[in-house]
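Each ligand, and each atom within it, is numbered from 1 in the order the structure gives.
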Amino acid sequence: MNTIPNGLHHVGSCIRPPSEYNAILLQATLGCSHSKCTFCGAYKDKTFAIKDRKFLEDDFAFASRYCTHQDRVFVMDGDAFIMPMDKWTWILSEIKEKLPWVKRTTCYANLKSIKMKSDEELAKLHEMGLKAVFLGLESGHAGVREAIQKGGTPEELIFHTKRLRKSGIKLVTIVLMGLGQIELSLDHARETGIALTAIDPEAVSVLSLIPLPNTPLGQAFEKGEFKVPDDIGMIAELRELVKHTDLSRGAFRSVHASNYLSIDAKFPQDKERVLKTLDNALAGNVELKPEWMRGL
Ligand code: SF4
């Protein structure tokens with residue numbers, strides 16, 4: 001167990017969404033309970049575990065003294081949402097009592113962890129202060145989801161994320177372009193757009209696949225067995241995704257460093273403008289990010 005200089009108990013790398021850059025990073029779990037997605041290189045150094053209360057008690061004591069200017073808490077690691085209700089209710093009560101200035105608590109979730117909570121439990125978590133979850137949705141295409149071992153069908157994904165939305169917990173979805181390879185590129189984009197439209201999340205964050213050598217997908221890519229679309233292929237895929245994504249009121253962003261083109265839009269009002277930009281990019285009239293500038 002390392003104690004990083006800010007005094008919170010952190011083990012290994014701390015991964016959080018860009019928007020939570022100033023949050024108090026409360027590491028209540030280690031790793032990811034799923035740990036099977038073929039493209040994912042995160043948490044390879046960790047076995048999934050729920051941390052003991054005593055570490056968190058120390059973290060709350062430290063944060064109550066030294067983190068008084070941070071009004072967000074991000075509960076780590078990869079799918080902290082999977083913690084049982086008694087642990088979650090304890091954490092949210094502690095935040096309320098020890099860190100009363102905190103306005104927003106969030107965490108990563110996956111389909112399995114949402115599925116394991118009843119409607120009443122979701123509502124209770126929201127009422128106690130869990131404001132939003134970040135879900136690695138990746139794809140709404142059944143075959144792609146199976147190939148990447150994401151777990152769960154598109155139907156289950158839509159059903160359980162809608163339950164989550166009804167509870168009041170906000171949903172930020174992360175989708176990954178390139179997972180359908182060249183062959184299923186447009187199908188992956190279209191089915192993902194259709195799923196997003198059905199779910200209607202508060203925000204969609206698009207990333208573009210960069211195969212990592214420490215993953216099964218990366219190893220297949222190196223052997224030439226997994227074909228990633230090139231820059232123009234990725235833009236065509238993104239256009240298909242945008243075309244099929246209708247949000248009643250949500251953010252649509254591709255601002256992550258892995259993308260060839262940065263989009264920061266609000267749907268529905270910006271959708272036509274985004275489609276025009278992507279058409280211009282496909283016609284060669286918009287400069288795309290060079291390969292060397294892409295990163296995770
Ligand atoms: S659920 Fe998320 S953290 Fe876990 S293996 Fe899949 S992508 Fe990685």
Side-chain angles (χ1 to χ4, degrees), residues 10-20 23 25-51 74-84 88 106-117 132-154 156-161 164 169 171-181 188 191-192 195-196 199 201 203-221 226 228 254 256-259 295-296:
H10 287 168
V11 179
S13 49
C14 294
I15 302 172
R16 47 118 188 107
S19 61
E20 307 310 293
L25 300 178
L26 185 74
Q27 191 183 44
T29 66
L30 298 181
C32 164
S33 70
H34 183 59
S35 246
K36 287 188 191 130
C37 303
T38 59
F39 61 88
C40 177
Y43 314 114
K44 292 283 182 206
D45 55 336
K46 297 181 195 177
T47 304
F48 177 74
I50 296 176
K51 278 167 78 176
F74 182 71
V75 184
M76 300 188 296
D77 271 339
D79 65 341
F81 198 60
I82 204 153
M83 285 188 291
W88 262 115
T106 61
C107 69
Y108 283 126
N110 61 32
L111 175 55
K112 180 170 76 174
S113 60
I114 298 172
K115 210 168 159 178
M116 285 168 64
K117 304 267 185 300
V133 302
F134 296 81
L135 171 76
L137 184 150
E138 328 302 357
S139 178
H141 186 285
V144 170
R145 289 185 68 82
E146 202 178 332
I148 61 167
Q149 295 186 34
K150 192 68 212 175
T153 62
E156 286 178 294
L157 175 74
I158 292 166
F159 178 78
H160 292 288
T161 47
L164 179 100
I169 298 174
L171 178 65
V172 180
T173 51
I174 301 146
V175 301
L176 191 50
M177 297 290 87
L179 286 176
Q181 307 193 52
H188 159 54
E191 296 297 318
T192 304
L196 289 169
I199 297 165
V204 177
S205 176
V206 180
L207 275 67
S208 298
L209 179 65
I210 297 179
L212 299 173
N214 66 339
T215 62
L217 186 150
Q219 284 145 19
F221 173 74
F226 189 101
V228 183
S254 70
H256 188 267
S258 63
N259 295 305
L296 286 176

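Across F221 and F226, no two heavy atoms sit closer than the pair CD1-O, 3.3 Å. Summarising the geometry of S33 relative to D79, their closest heavy-atom pair is OG-OD2, 2.6 Å, with the distance given to 0.1 Å.
When hydrogens are left out, the protein atom nearest atom 2 (Fe) of ligand 1 is K150 NZ, 4.0 Å; that is the closest non-hydrogen contact.
L135 is not listed as a side-chain neighbour of L164, based on a closest heavy-atom distance of 4.5 Å or more. Put simply, the side chain of M76 does not reach to within 4.5 Å of the side chain of I15, judged on heavy atoms.
Inspection of the S208 and N259 side chains reveals an N or O donor paired with an N or O acceptor under 3.5 Å. Checking H256 against S258 by side-chain atom types alone, a donor-acceptor pair falls below 3.5 Å.
Among protein atoms, those of element N, O or S found less than 2.8 Å away from atom 4 (Fe) of ligand 1 are C32 SG.
Within the 4.0 Å heavy-atom shell around ligand 1 one does not find Y108.
The salt bridge (Lys or Arg N to Asp or Glu O under 4.0 Å) check on K117 picks up nothing, with sequence neighbours excluded.
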